[in-house]
J.: 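Quick one: this structure, given as structure tokens, is what I'll be asking you about.
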Amino acid sequence: MKSRFKLAIFAIIIALSNNCITSKTDHFTKDLPQPELPLQFSWANVNGINYLSYVRNQLAPRLCDSGWAFSVTSSLNDRIKIKRQNAGPDFILSPQVLISCNDDSNGCRGGSPQTAYEYILRNNITDETCSPYTGRDFRDGYQCSSLTVCMECWPKVGCKARDDAYIYSIESWDQVKGEEQMKQEIFNHGPISCVINSTVEFRNYTSGILNPPDSPTQITHSLSIVGWGEDEKQTKYWIARNSLGIFWGENGFIRIVRGKNALNIESDCSYGRIKDTWSQQIRNNTSFIKTNSSFISNGQYEHKVYEIINSKSEKDIIQQAKDELKQIFQDSYQKYQPLVESISSSFSDNIELDESTLPSNFTWGNVNGVNYLTQIKNQHNPQYCGGCWSFAVTSSLQDRIKILRNRTDIPDVILSNQMVINCHLGGSCSTGGVSLITYYFLSQIGVVEDSCMPYQAKDQWLPVCNASQQCISCELPSAPISNTTDISSICPAQTKYPYKKWKVSKFGHIAGVKQMKSEIFSRGPISCTIDATDNLENNYQGGIYSEKLKVPIPNHYVSVVGWGQTLEGEDYWIVRNSWGTYWGEQGFFKLKMHEDNLGLEYGCSWGVIDLQQ
Ligand SMILES: *[C@@H]1O[C@H](CO)[C@@H](O)[C@H](O)[C@H]1NC(C)=O
Ligand SMILES: *[C@@H]1O[C@H](CO)[C@@H](O)[C@H](O)[C@H]1NC(C)=O
Ligand SMILES: *[C@@H]1O[C@H](CO)[C@@H](O)[C@H](O)[C@H]1NC(C)=O
Ligand SMILES: *[C@@H]1O[C@H](CO)[C@@H](O)[C@H](O)[C@H]1NC(C)=O
Ligand SMILES: *[C@@H]1O[C@H](CO)[C@@H](O)[C@H](O)[C@H]1NC(C)=O
Ligand SMILES: *[C@@H]1O[C@H](CO)[C@@H](O)[C@H](O)[C@H]1NC(C)=O
Ligand SMILES: *[C@@H]1O[C@H](CO)[C@@H](O)[C@H](O)[C@H]1NC(C)=O
Ligand SMILES: *[C@@H]1O[C@H](CO)[C@@H](O)[C@H](O)[C@H]1NC(C)=O
Ligand SMILES: *[C@@H]1O[C@H](CO)[C@@H](O)[C@H](O)[C@H]1NC(C)=O
Ligand SMILES: *[C@@H]1O[C@H](CO)[C@@H](O)[C@H](O)[C@H]1NC(C)=O
């Protein structure tokens with residue numbers, strides 16, 4: 001027991017010193033129109049199952065009038081989820097591709113859902129792990145290129161295009177208008193995108209059924225309508241998901257009076273019929289995307305996105321700050337490590353089950369047919385960041401929230417790695433970090449959801465953790481953004497609405513097969529260190545990975561979500577990585593159990609999420 005404990009600490013220290021920087025259906029759809037549709041219907045709850053993807057925020061980190069792109073990608077995310085019958089982590093289509101590449105829009109200065117559907121029909125689209133949202137369009141350094149469509153970033157070399165991006169597409173798109181047509185399309189096929197007039201009553205909405213008076217409007221906005229209902233006073237309403245953050249409206253949603261064309265909501269809706277590209281795992285070389293040749297050098301797809309993102313002066317400041325950060329982090333490590341060790345040991349809450357009572361195959365990706373795993377993320381976009389220690393924690397906790405709630409009528413909670421990095425809750429992009437310390441800080445400070453502080457892969461060097469580091473958002477514009485409006489600054493702290501912080505109530509560290517299996521089986525995914533070798537990174541394509549190393553030197557963190565056994569009796573772990581969907585088996589990999597597994601079993605940590613706080 002004692003020596004195992006020592007080993008775990010050893011692994012953690014090594015991971016720290018290596019800086020975490022590796023050397024590099026329609027089954028559910030009803031085909032015939034139903035003469036009688038139900039009085040209430042929502043894709044948030046169809047026979048107890050939620051088919052809605054997470055709520056996002058188009059106004060962080062920058063002011064961007066991209067509701068048109070979000071209403072389309074979110075509706076399609078849901079339609080994919082419906083067609084896949086909720087199997088597997090959600091696929092999240094990239095609104096960034098649309099604001100960079102859809103020439104028939106005006107990018108962050110506005111656009112229409114119809115042109116977005118047309119773009120996807122003609123060009124296909126990639127997911128968020130390929131092309132994360134930056135709130136920058138083709139005018140602000142994010143022109144359409146093979147890189148903005150699917151990239152991966154590294155220190156020094158910058159970003160390069162991937163030639164193995166998963167692609168998503170639609171078979172057709174069309175318009176609908178009027179209550180009856182809209183209901184038919186939603187009920188039979190999934191959420192739709194609707195253009196609305198953005199009035200002050202809409203922008204100021206907090207809860208209830210919005211029944212707005214006619215107000216002057218100059219600007220339009222788009223929503224994704226996911227269902228409808230009727231209250232006890234027989235007021236009929238639509239249920240729509242907005243893209244202004246989880247803190248806006250009713251957990252990111254709004255109910256708007258139905259049947260009266262309020263806000264013009266029933267006059268300009270559109271939808272896409274999703275195409276199944278995932279069953280056959282269709283990928284493509286994103287260099288097929290119309291490429292601006294000036295971005296290509298020597299046949300390589302290296303790109304200067306890094307340079308574009310960071311102006312020269314910004315880079316100088318970052319360079320300077322990196323040294324300071326290192327100091328701050330080393331101080332905090334020295335200060336917190338003994339404390340964290342003693343606290344986590346004091347819970348004495350490590351679970352040890354009799355291994356013979358555990359199944360030989362178990363994964364949170366499929367517990368009696370139900371998937372409890374949340375979406376795959378990518379720490380390496382839109383620039384390089386050694387944030388694995390944070391991703392291993394947030395992904396494990398997101399899955400644990402889904403497991404604990406065991407309620408399927410709420411979209412997945414996606415936690416903010418950027419807040420963890422901004423506030424130095426266990427490390428930084430440039431220094432790496434320690435998951436156990438992150439769990440400790442999450443017990444003290446907590447972490448917001450991603451729509452408060454979307455990932456930017458960026459270090460923040462001030463030793464503060466105030467609202468500016470935790471939750472930012474611009475306001476939805478009340479007038480059109482013109483071609484010359486400066487929209488380049490980061491949005492301010494979001495203080496208008498309260499926002500939730502998720503906390504852990506206890507945490508600890510474990511090592512070895514028995515403790516790992518016991519913890520995963522009892523409470524959910526855990527975070528572990530590994531020695532992420534070049535071979536794993538560059539050559540793993542699928543199957544059970546194994547590599548013999550004399551002394552594995554942990555330099556990376558992953559989340560372990562289950563285990564299995566082959567027919568030949570070989571045991572393996574099922575592991576979630578944070579290198580995008582294009583890496584490994586849709587972002588996951590299998591690793592040999594017991595030996596030659598990059599040191600996976602040396603040191604792991606876990607946290608218990610507190611649903612009450
Ligand atoms: C879009 O994807 C489909 C496969 O679903 C492929 O047949 C088609 O060629 C792709 N279109 C483009 C422009 O790459
Ligand atoms: C909307 O909210 C703003 C503050 O955010 C306030 O100044 C304004 O009076 C509100 N307007 C209405 C019509 O409620
Ligand atoms: C609402 O927007 C439409 C265009 O989408 C416009 O024709 C109409 O005049 C607007 N209504 C108001 C009250 O501004
Ligand atoms: C991707 O496309 C580029 C340019 O057409 C080509 O050089 C490269 O070999 C392709 N990669 C694959 C895996 O086909
Ligand atoms: C990949 O892109 C090429 C070039 O546009 C296209 O011809 C091909 O159909 C695409 N394949 C798939 C599977 O999308
Ligand atoms: C390609 O990029 C260069 C440099 O950013 C720009 O001047 C040029 O207009 C772009 N060409 C196209 C076709 O977008
Ligand atoms: C979720 O609830 C169902 C029905 O009550 C139960 O059978 C199942 O074991 C629960 N799952 C988890 C992960 O708690
Ligand atoms: C957060 O702290 C920074 C640095 O001290 C300061 O510039 C900023 O105004 C603060 N933000 C808030 C919302 O307090
Ligand atoms: C703004 O820029 C877009 C894209 O360059 C262009 O299509 C549009 O005509 C411009 N609008 C105005 C009012 O200049
Ligand atoms: C475990 O999974 C493998 C394939 O992944 C399967 O062959 C085997 O039968 C499963 N074992 C059990 C006990 O379900």
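Just follow the structure's listing: the first ligand is 1, and inside any ligand the first atom is 1.
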J.: Centres of the Tyr166 and Tyr582 rings: under 6.0 Å?
T.: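 That pair fails the under 6.0 Å test.
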J.: How far is atom 4 (C) of ligand 9 from its nearest protein heavy atom, and which residue and atom is that?
T.: Arg139 NH2, 3.4 Å
J.: Nearest non-hydrogen atom to atom 8 (C) of ligand 1 belongs to which of Asn123, Leu121, Asn124, Ile120?
T.: Asn124
J.: Might you work through the side-chain hydrogen bond (donor to acceptor under 3.5 Å, both in side chains) test for Asn261 and Asn264, ending with a clear yes or no?
T.: CA-CA 5 Å; Asn261 200 21; Asn264 231 13; 3.3 Å; yes
J.: Which of the atoms in ligand 1, numbered in the order shown and given with their element, are less than 4.0 Å from a heavy-atom of Thr277?
T.: 5 (O)
J.: What about the rings of Phe253 and Tyr205, do their centers lie closer together than 6.0 Å?
T.: no
J.: Does the side-chain hydrogen bond (donor to acceptor under 3.5 Å, both in side chains) test come out yes or no for Asp78 and Ser53, once each step is laid out?
T.: CA-CA 6 Å; Asp78 303 342; Ser53 55; 2.9 Å; yes
J.: For atom 2 (O) of ligand 9, is some protein heavy-atom partner under 4.0 Å away?
T.: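 It does: a protein heavy atom is found less than 4.0 Å away from atom 2 (O) of ligand 9.
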J.: For Lys275, take its heavy atoms, then give the atoms of ligand 1 lying under 4.0 Å from any of them.
T.: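 Under 4.0 Å from Lys275, ligand 1 has these atoms: 5 (O).
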J.: Between the candidates Asn483, Asn106, Thr484, Asp104, which shows the shortest non-hydrogen contact distance to atom 13 (C) of ligand 9?
T.: Asn483
J.: State the atoms of ligand 1, each with its element, that fall below the 4.0 Å cut-off from a heavy-atom position in Arg122.
T.: 13 (C)
J.: Taking the ring of Phe70 and the ring of Tyr133, is the distance between their centroids below 6.0 Å?
T.: yes
J.: Whether Lys590 and Glu585 form a salt bridge (side-chain N of Lys/Arg under 4.0 Å from carboxylate O of Asp/Glu) is what I want to check.
T.: yes
J.: Within the 4.0 Å heavy-atom shell around Ile167, which atoms of ligand 1 are there?
T.: 2 (O)
